[in-house]
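Here's the structure we're looking at; comments come further down.
The model shown is predicted, which means the values in this text are computed figures rather than measured ones. Quick note on labels: first sequence line is chain A, next is B, and so on, each numbered from 1.
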Protein chains: 2
Amino acid sequence: MHVQFASNATARAVPQGFFACLASETESMGALALPGVVCKKPAGETLFREGETADGVYEVISGMLRICKLLPDGRRQITGFVPAERLIGISLGGTYSYTAETITEVVICCYRRSALDRLMLERPKLTRHLLAAAAQELHVAHEQMLMLGCKDALEKVASFLLLMAGQQGGGIDATEVHLPMDRHDIADYVGLTVETVSRTFTRLKRSKVIALRTANCVEICDWDRLDEMASR
Amino acid sequence: MHVQFASNATARAVPQGFFACLASETESMGALALPGVVCKKPAGETLFREGETADGVYEVISGMLRICKLLPDGRRQITGFVPAERLIGISLGGTYSYTAETITEVVICCYRRSALDRLMLERPKLTRHLLAAAAQELHVAHEQMLMLGCKDALEKVASFLLLMAGQQGGGIDATEVHLPMDRHDIADYVGLTVETVSRTFTRLKRSKVIALRTANCVEICDWDRLDEMASR
DNA sequence: CGTAATCTTGATCTGATTCAAATGTCGTGG
DNA sequence: CCACGACATTTGAATCAGATCAAGATTACG
């Protein structure tokens, strides 16, 4: 496969869904060369900022990023956490409409927007795959709006935990959920303050629905009640 | 153009962006027949519900719809108001992830998912157009999350008014903004109660930033201050 | 007109924020 | 290994923005 590795890249993980989609196309296998560049970034780095010209689409291979938007006075909304196998940066306008920052060390694969644009015209399936990804993102965004607008603190935190548990894969009953982000990130995601998030965690702890191994490792003890608490 | 008109259809408006995209494709103009069905719906009707199998994509020709999601206990989040020239129902999963209801009488054009799916493989530009629409929706969704999670009542209502003013087209300085939805809809959109929305309107009125011709016709008197109040 | 709905206003209550301090965790260097 | 400091998390007490409950005022409509 025709992939350039950047500076400090690791070859251990191979891009999954997106790349697979490209590889499986029967037509013009010879000209497959989508110039995806795999590279590694340390935790706490900015991949791109809201407003910058959107010249790349990224696939997360391992690690986690946060997507956020800021108000002029510094208030921050985290609109999503992006785990492995997901794309970021689909925007198709001239500029990114959000900022992407690494939470952990990540390995990502970068595709240049210009190359993608060219390919999309030749590869209907690629475009459809991107459309599917966008539709999925949109679905998640709608769920989050429901949470932000309607739910109270307990419901928000419960929903957040279930979301994390879900995207941690591991299937049902993988009771150990690891939270790579800090309380401040969680707070900005659910639209509460750090203090309220912390209080809510202890509330869940006291009611024996969860247990905290460490501050960022949650054991879910009672899935059914957590589900109820999330109000769906 | 090959369009069927349903029962009580009006021919006055011709589908814009989406249709135009199809028509402008050079290839296979003969087989252009995308079976779009134009029809009229009265106010207060449900176009489709969250969870139903998503078998259609709709283009709004005139009028306005609301997109909403419900919690089991009836709490409602309106995730968007859809004006003319916009698409609803891009989901690509098996089911709609939200409910669409008419606020005013609307004229819409319905495209069957199956037909669209077939066409997408032949028409890269169509798929790209859908992708662009999805990306735009995603951008708006992110803005709304920022609003729901970070802003206070005044900022929310100000943002809402600016959004409505903006999508009312009419260019800048079209100070008359018509609000086809009721206060309850607005409340569920910005994540407040009807009472708080009402109080906020009077607050804006007293500070001479807006004036209310009627309950659903707002005159924006001071754009700059409204802009500040929205915090961007 | 009169009735029902929507919208506005007022008084009170409450969940979340704010401010402040204590506790816990981790890495560094003595 | 332990002491120290920096930082994240938790807890507590006071305050406040928005919700709730309860009337009025206004508009729409048969």
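- A salt bridge does not link A:Arg232 with B:Asp73: every distance from a Lys NZ or Arg NE/NH1/NH2 to an Asp or Glu carboxylate oxygen is 4.0 Å or more.
- The CZ-P distance, from B:Arg213 to C:dC7, rounds to 19 Å in whole Å.
- Separating the CG atom in A:Asp227 from the CG atom in A:Leu162 is a distance of 5.5 Å, to the nearest 0.5 Å.
- Taking atom NZ of residue B:Lys205 and atom C1' of nucleotide C:dT9, one finds them 11 Å apart after rounding to whole Å.
- Put simply, CG on B:Asp182 is 7 Å from P on C:dT6, counting in whole angstrom units.
- Distance from the side chain of A:Glu195 is smallest for C:dT18 among the nucleotides C:dT17, C:dC7, C:dT18.
- Reading DNA chain D from its 5' end, the first and the last nucleotide to sit under 4.0 Å from a heavy atom of chain B are D:dG18 to D:dC21.
- Direction change of the helix axis from one end of the helix from C:dT8-D:dA23 to C:dG30-D:dC1 to the other is 40°, with five pairs defining each end axis (rounded to 10°).
- Phosphate contact (OP1/OP2 of C:dC7, side-chain N/O of B:Ser198, threshold under 4.0 Å): absent.
- Nearer to the 5' terminus of DNA chain C, by closest-nucleotide assignment, is the contact made by B:Thr202 (compared with the other of B:Thr202 and A:Arg199).
- Between the side chain of A:Glu45 and the backbone N or O of A:Pro42 there is no donor-acceptor pair closer than 3.5 Å.
- At the heavy-atom level, A:Leu154 lies nowhere under 4.0 Å from the strands shown.
- Atom CD in A:Glu155 sits about 13 Å away from atom C1' in C:dG15, given to the nearest Å.
- We find that CD1 of B:Ile186 is positioned 12 Å from C1' of C:dT6, with the value rounded to whole Å.
- Residue pairs satisfying the salt bridge (charged side-chain N to carboxylate O under 4.0 Å, His left out) criterion with at least one member in residues 144-164 of chain A, sequence neighbours excluded, are listed as follows: A:Glu155-B:Arg75.
- Between the CG atom of B:Leu70 and the OG1 atom of B:Thr99 there is a distance of 6.0 Å, given to the nearest 0.5 Å.
- The aromatic rings of A:Phe48 and A:Tyr58 sit parallel, their planes meeting at an angle under 30°, below the 60° perpendicular limit.
- Looking only at distances, a side-chain donor or acceptor of A:Tyr98 sits under 3.5 Å from a matching main-chain atom of A:Gly89.
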